[in-house]
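Worksheet: one structure, shown below.
First listed ligand is number 1; within each ligand, the first listed atom is number 1.
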Amino acid sequence: MVQTVSQQMNVETDIITLTRFILEEQQKFAPNATGELSLLLNSLQFAFKFIAHNIRRAELVNLIGISGTANTTGDVQKKLDVIGDEIFINAMKSSGNVKVLVSEEQEDLIVFEGGGRYAVCTDPIDGSSNIDAGVSVGTIFGVYRLRDDSTGSIKDVLRKGTDMVAAGYTMYGASAHLMLTTGRGVHGFTLDTQLGEFILTQPDLKIPPSRAIYSVNEGNSFYWPEYVQKYIAELKEPQEELKGKPYSARYIGSMVADIHRTLLYGGIFAYPADSKSKNGKLRVLYECFPMAMLMEQAGGSAVNDKGERILDILPKGIHDKSGIWLGSKGEIDRFLKYIP
Ligand code: AHM
Ligand code: MG
């Protein structure tokens, strides 16, 4: 058979970029749509590229270090947190399609003048305590369409996760990886820095139904309720179906990186609430919801410590927290059996 020049040179000339993917999805599934969500997703991809660029050059321009300000949850913010937040706010403001923005780094929600028909919730740089060690961090985001009669208020985001129209994260590491869902599966894109484009590399990604990996900060085990301690302890015992081997522990301490591994390899990731305060660490709107939507769209599950579906939580405040368990169906189903 005669090979074409591109075949001879082993060059793929028909790649699917994120922009192409978004436009084709709109034509296929929403031909009469106004295109506002597509434009918003485009503004998001600009924010991801810009943040990725800053993280890559952070060491060079000495951005790493304490900025001296504190964020809403009292954490010490790193300079990159501040810059990531600014990049995100400016990208959403200039997109013209975002009316309401919730950021982990801002105590109050932001309502843009003018703006469009969407609300975005984000943790612009999650896991930033890892940046100095070169461990992957990421931007997490969830998108809602404004309520029909809304002119932009807190009510547009104090809604169940099931109301989101899109969600995902971009993980910044050796390369930037975007995992996106608009409710029709999960699609993975990798940033080609030379082209400046996110390329579709993992279409319709599915999480393995089961895998013997657990991911949790065991340093907190003293504060876990008894049934959580029992579940984790029993994963460490010899497993019959694993020919006597126990589960493996994997914990990076950067949610985006831990979830990325869990999506690709399977297993379970958890940040349980502690038994006294009954409060988890991870934030509902911009950490738990987007990851839960991705997990479900990839064929996995996401529940709280009571076994209730994460996406059915109705947040009362924009920085609400929840305990969370997410991952392969097999591991979540096993966890559910331990709940008293
Ligand atoms: P942050 O939003 O302040 O960066 O905190 C969230 C991070 C997650 O990325 C990660 O899963 C978790 O905190 C790790 O917490 P811990 O150090 O308590 O295990
Ligand atoms: Mg953060």
Side-chain angles (χ1 to χ4, degrees), residues 51 54-55 58 64-67 69-85 87-88 102-107 121-142 167-173 176-177 179 213-224 228-229 232 249-263 267-292 294-295 302-305 310 315 317-327:
I51 293 172
N54 276 285
I55 287 177
I64 289 177
I66 310 297
S67 72
T69 53
N71 70 3
T72 52
T73 39
D75 306 333
V76 177
Q77 277 180 319
K78 298 282 175 121
K79 282 180 180 170
L80 273 168
D81 274 337
V82 178
I83 286 168
D85 192 41
I87 289 175
F88 208 93
V102 170
S103 164
E104 187 196 353
E105 304 299 337
Q106 302 290 329
E107 192 164 342
C121 303
T122 187
D123 185 348
I125 302 192
D126 181 66
S128 49
S129 66
N130 292 288
I131 284 182
D132 290 357
V135 172
S136 295
V137 296
T139 303
I140 313 173
F141 62 95
Y169 63 78
T170 298
M171 182 178 79
Y172 312 104
H177 296 278
M179 288 290 172
I213 299 175
Y214 73 98
S215 185
V216 66
N217 184 347
E218 283 204 81
N220 294 327
S221 57
F222 179 80
Y223 301 105
W224 294 343
V228 170
Q229 298 196 10
I232 299 292
R250 295 282 185 275
Y251 189 72
I252 299 167
S254 179
M255 189 190 199
V256 174
D258 278 315
I259 295 294
H260 194 66
R261 182 203 54 249
T262 306
L263 271 175
I268 188 164
F269 169 88
Y271 209 110
D274 75 63
S275 47
K276 255 200 223 137
S277 70
K278 307 261 186 269
N279 223 343
K281 175 184 182 186
L282 298 176
R283 272 54 63 108
V284 173
L285 278 186
Y286 41 81
E287 289 173 334
C288 300
F289 275 175
M291 295 309 197
L294 282 173
M295 271 305 158
V303 297
N304 66 11
D305 299 276
I310 287 287
I318 60 172
H319 297 295
D320 274 12
K321 299 171 181 178
S322 171
I324 187 165
W325 297 78
L326 35 75

Sequence neighbours left out, what passes side-chain hydrogen bond (donor to acceptor under 3.5 Å, both in side chains) with N279? Give chain and number order. none
Please could you name the atoms of ligand 1 that R283 approaches to less than 4.0 Å, counting only its heavy atoms? 1 (P), 2 (O), 3 (O), 5 (O)
Near S128, which atoms of ligand 1 are under 4.0 Å from a heavy atom of that residue? 4 (O)
Would you say D123 touches ligand 1, if touching means a heavy atom closer than 4.0 Å? yes
How about E287 and K321: do any of their side-chain heavy atoms sit closer than 4.5 Å? no
Looking at E287, which atoms of ligand 1 are within less than 4.0 Å of one of its heavy atoms? 2 (O), 6 (C)
For G127, atoms of ligand 1 separated by under 4.0 Å from a heavy atom: 4 (O), 9 (O)
Between S322 and N304, does any side-chain donor sit less than 3.5 Å from a side-chain acceptor? no
Distance alone, cut at 3.5 Å: any donor-acceptor contact between the side chains of Y271 and N220? yes
Looking at side-chain heavy atoms only, is the closest gap between Y169 and T139 below 4.5 Å? no
Look up atom CG in N130 and atom CE in M255, then write down how far apart they are to the nearest 0.5 Å. 13.5 Å
Under a 3.5 Å cutoff, is there a donor and acceptor pairing between the side chains of W224 and D274? no
Nearest to atom 16 (P) of ligand 1 by heavy atom, N217, I324, V216: which? N217
Any idea which of K281, E105, E218 brings a heavy atom closest to atom 7 (C) of ligand 1? K281
Under 3.5 Å, N or O to N or O, is S254 touching ligand 1 that way? no
Numbered atoms of ligand 1 (with element) below 4.0 Å of Y251, judged on heavy atoms: 14 (C), 15 (O), 16 (P), 19 (O)
Are M295 and I259 close enough that some pair of their side-chain heavy atoms sits under 4.5 Å apart? yes
Within the 4.0 Å heavy-atom shell around E104, which atoms of ligand 1 are there? 2 (O), 3 (O)
Below 3.5 Å, N or O to N or O, backbone or side chain included: is there any such pair between F269 and ligand 1? no
